[in-house]
Amino acid sequence: MAQSGISELLQQLEQVLLGKPRQIRLALACILARGHLLIEDLPGMGKTSISHGIAQSLGLSYQRIQFTSDMLPADILGVSIFDKHQAQFIFHPGPIFKQMILADEINRASPKTQSALLEAMAEQQISVDGITHRLPNPFFVIATQNPTDQSGTFPLPESQLDRFMMRLSIGYPSHDAELAMLKSNHNHLTLDQLPQCLTPLALMQLQEQCDKVSASDALLNYILALVNFSRSQSDSVGLSPRATKALLQAAKAWAFLEGRHYLVPEDVQAVFCCVAEHRLRTSSQLQGEALSERILASVNPIM
């Protein structure tokens with residue numbers, strides 16, 4: 001039943017984002033691993049469509065927040081307004097109180113506004129005027145950002161990047177996929193009419209099944225070898241313990257999508273670059289993506 005629901009979900013999402021089955025599978029693995037997802041690409045590549053499609057297909061309450069340079073934290077979290085009839089401040093929740101948040105063009109907001117998401121992403125709660133408010137369960141943030149060389153962007157700090165389990169880049173579609181898109185009569189307005197493949201409760205049950213995917217000591221040592229190799233590079237800052245846990249959880253979700261209840265090295269390799277590349281900071285011209293590939297190629301699994 002679970003695998004049939006996942007297969008239906010994958011097939012539906014592949015109709016939303018044509019020609020990108022691997023990116024869709026990685027995004028779903030991130031959701032199953034209870035992670036937040038960062039999608040970096042040029043405008044018009046389908047970042048918003050895939051986010052809305054996932055929320056609609058999973059039956060999650062959804063809110064798109066367009067980040068701008070003049071946005072304030074209260075525009076996201078909410079604000080307390082004094083009610084003269086009750087003689088007290090009443091909290092008015094912001095758009096963050098949805099199960100799936102699309103933080104669109106997050107790097108166009110100021111660092112102060114970007115940081116408003118930190119507590120929500122790490123602890124599934126927010127604090128306003130000294131009062132803690134719990135966020136719904138499940139809760140996910142899918143953030144999109146434009147390339148940092150474009151005008152009007154504020155680079156995400158390392159602490160913010162580390163909150164995202166995965167970073168994806170969609171890229172241009174193939175010739176056949178773009179031709180199919182031109183011939184199709186569908187458009188983004190039909191996303192609201194996508195049939196629901198799974199319920200939020202079913203999603204949480206699938207997440208629990210992902211947690212139960214087993215990993216041998218040899219497999220865990222392979223993950224640690226990758227992480228330790230990243231820390232031994234003199235030209236970069238290595239992966240954090242949070243990244244180590246994220247790598248294991250993402251690999252378990254990938255194995256579950258492959259229909260297995262145990263990990264193999266190929267599961268770790270499939271998700272490693274997406275988990276690692278946005279966390280690696282180098283002092284050379286080597287980009288995080290190239291460095292993550294170098295780490296993966298340098299460490300052999302010992303099984």
Colleague: Could you tell me if the side chain of I106 sits less than 4.5 Å from the side chain of T144, heavy atoms only?
Modeller: no
Colleague: With a 3.5 Å distance limit and no angle check, can you tell me whether S298 reaches the backbone of R294 through a side-chain donor-acceptor pair?
Modeller: yes
Colleague: With a 4.5 Å heavy-atom cut-off, do L239 and F272 have their side chains touching?
Modeller: yes
Colleague: Ignoring hydrogens, what is the shortest heavy-atom contact between S49 and V16? Give both atom names and the distance.
Modeller: O-CG1, 3.6 Å
Colleague: How about D267 and R260: do any of their side-chain heavy atoms sit closer than 4.5 Å?
Modeller: yes
Colleague: Of all heavy-atom pairs between L60 and P138, which one has the smallest distance, and what is that distance?
Modeller: CD2-CG, 3.8 Å
Colleague: Measure from the side-chain N and O atoms of S127 to the backbone N and O of G130, and report whether any donor-acceptor pair falls under 3.5 Å.
Modeller: no
Colleague: If only side-chain N and O atoms count, and only distance matters, is there a donor-acceptor pair under 3.5 Å linking S57 with Q12?
Modeller: yes
Colleague: Using only atom types and a distance under 3.5 Å, with no angle test, would you say the side chain of R279 pairs donor to acceptor with the backbone of F164?
Modeller: yes
Colleague: Going by heavy atoms in the side chains, are F139 and R134 under 4.5 Å from each other?
Modeller: no
Colleague: Is there a side-chain contact between Q114 and Q160 in this structure, where contact means two heavy atoms from C-beta onward sitting under 4.5 Å apart?
Modeller: yes
Colleague: Closest approach of A27 and I54, non-hydrogen atoms and distance?
Modeller: CB-CD1, 4.1 Å
Colleague: Would T68 and D70 count as having a side-chain donor-acceptor pair, cut-off 3.5 Å?
Modeller: yes
Colleague: Quick one: closest heavy-atom pair of L296 and C273, and the distance?
Modeller: CD2-SG, 4.4 Å
Colleague: Is the side chain of D83 donor-acceptor paired with the backbone N or O of H85 at a distance under 3.5 Å, no angle test?
Modeller: yes
Colleague: Indicate the ring-plane relationship of F91 and H133, choosing parallel, tilted or perpendicular according to the 30° and 60° boundaries.
Modeller: parallel
Colleague: Between S69 and S110 (side chain of the first, backbone of the second, donor and acceptor by atom type, cut-off under 3.5 Å), is there such a pair?
Modeller: no
Colleague: Give a yes or no answer on whether the side chain of D75 reaches the backbone of L72 with a donor-acceptor pair at less than 3.5 Å.
Modeller: yes
Colleague: Can you tell if the side chain of Q56 reaches within under 4.5 Å of the side chain of Y62, non-hydrogen atoms only?
Modeller: no
Colleague: Using the benzene-type ring in the case of Trp, are the ring centres of H36 and F140 under 6.0 Å apart?
Modeller: no
Colleague: Give a yes or no on whether the backbone of I170 and the side-chain of K20 come within a donor-acceptor separation of less than 3.5 Å.
Modeller: yes
Colleague: Report yes if some heavy atom in the side chain of C197 is under 4.5 Å from a heavy atom in the side chain of L58; otherwise report no.
Modeller: no
Colleague: Just by distance, do the side chain of Q99 and the backbone of S61 share a donor-acceptor pair under 3.5 Å?
Modeller: yes
Colleague: Between E258 and R25, does any side-chain N to carboxylate O distance fall below 4.0 Å?
Modeller: yes
Colleague: Compile the donor-acceptor pairs under 3.5 Å between side chains in residues 244-253 and protein atoms, sequence neighbours left out, one pair per line.
Modeller:
unit_1	atom_1	unit_2	atom_2	d
T244	OG1	S240	O	3.3
Q249	NE2	D211	OD1	3.2
K252	NZ	D211	O	3.3

Colleague: Before you tell me yes or no, could you show the steps for I101 and I142 under side chain to side chain contact (heavy atoms under 4.5 Å, CB included), namely the whole-Å CA-CA distance, both residues' side-chain angles and the distance that decides it to 0.1 Å?
Modeller: CA-CA 6 Å; I101 301 298; I142 297 182; over 6 Å; no
Colleague: So do F97 and L135 actually touch side chain to side chain, heavy atoms under 4.5 Å?
Modeller: yes
Colleague: Of all heavy-atom pairs between V141 and A103, which one has the smallest distance, and what is that distance?
Modeller: CG1-CB, 4.5 Å
Colleague: Could you check whether Q66 and E105, counting side-chain N and O atoms only, form a donor-acceptor pair closer than 3.5 Å?
Modeller: yes
Colleague: In sequence, state the C-alpha distance, the side-chain angles, and the governing distance for Y222 and V268, and then conclude on side chain to side chain contact (heavy atoms under 4.5 Å, CB included).
Modeller: CA-CA 9 Å; Y222 175 48; V268 178; 4.1 Å; yes
Colleague: Would you name the heavy atoms of F256 and I6 that are closest together and state the gap between them?
Modeller: CE2-CD1, 3.4 Å
Colleague: Look at the side chain of Q207 and the backbone N and O of I31, then say whether any donor-acceptor pair between them is shorter than 3.5 Å.
Modeller: yes
